[in-house]
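Contents: one structure, followed by commentary.
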Amino acid sequence: MTSYEQRAYDALAMKLTEAGYAYENTSYGNDATASISVTCTRVIKRPTWYDDEVQRFEFQIYIPTCDYWDPDNEYFNTYAITDEMTGHTYDFDRADEVVEHIQDSTRDVIFTN
């Protein structure tokens, strides 16, 4: 990892830890960028006569390698987060935006009668 990439990785790891998320370093030596995987659940509350539904969410987060964008030479300046359930990928400039996206995606939904 470059020093820029290490700082970006550490910033995201710190934000995930502060928010209470467990993560796994899923980086490989020949990847274009380091990565972190986050797996979490969302509980969908049902009325009392139904069981709650538990949904599992997996996110793969790719770490920026520098402060400019040149994908042909494997230079990336954003955190790219892929929702493994839907396949959608979103780009964020800051680590706290990544954590906010995960929180928004896994927020409890409450149904009442």
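Reckoned from all heavy atoms, side chains included, excluding hydrogens, waters and symmetry mates.
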Write down the atom of Phe76, the atom of Ala32, and the distance for their closest heavy-atom approach.
-> CE1-CB, 3.9 Å
Between CG on residue Asp70 and CG on residue Asn77, distance to nearest 0.5 Å = 10.0 Å
Once the angle between the rings of His88 and Tyr90 is folded into 0 to 90°, is it parallel (under 30°), tilted (30 to 60°) or perpendicular (over 60°)?
-> tilted
Nearest heavy atoms of Ser27 and Ser35, plus distance in Å = OG-N, 2.9 Å
Are any non-hydrogen side-chain atoms of Ile102 and Ile81 less than 4.5 angstrom apart?
-> yes
Validation row: Asn25, Tyr9 side chains within 4.5 angstrom (heavy atoms) | yes
When hydrophobic residues are tied together by side-chain contacts of less than 4.5 Å, even through go-betweens, does Phe59 share a cluster with Ile63?
-> yes
Is the distance between the ring centroids of Tyr75 and Trp69 less than 6.0 Å?
-> no
Steps toward side-chain contact (heavy atoms from CB on, under 4.5 Å) verdict (Tyr21, Gln103) = CA-CA 10 Å; Tyr21 291 107; Gln103 290 170 331; 3.2 Å; yes
Rounded to the nearest 0.5 Å, how far does CZ of Arg94 lie from CD of Glu100?
-> 7.0 Å
Roughly how far, to the nearest 0.5 Å, is OG1 of Thr89 from CD of Glu84?
-> 8.0 Å
Minimal non-hydrogen separation, Glu5 against Ala34, with atom names = OE2-N, 2.6 Å
Going through the distances and angles, do Phe57 and Val38 end up as a side-chain contact (heavy atoms from CB on, under 4.5 Å)?
-> CA-CA 8 Å; Phe57 293 87; Val38 175; over 6 Å; no
Ile36 to Ala13 - nearest heavy-atom pair and separation = CD1-N, 4.5 Å
Taken to the nearest 0.5 Å, the spacing of Asp67 CG from Thr78 OG1 works out to 12.5 Å
Do Phe92 and Leu16 share a hydrophobic cluster (ILVMFWY, side-chain heavy atoms under 4.5 Å, transitive)?
-> yes
So which heavy atom on Tyr79 is nearest to which on Ala95, and how close?
-> CE1-N, 3.5 Å
Thr33 versus Glu74: any side-chain heavy-atom pair under 4.5 Å?
-> no
Of all heavy-atom pairs linking Val99 and Ala19, the shortest is CG1-CB, 3.6 Å
Between CD of Gln60 and OG1 of Thr39, what distance do you get to the nearest 0.5 Å?
-> 9.0 Å
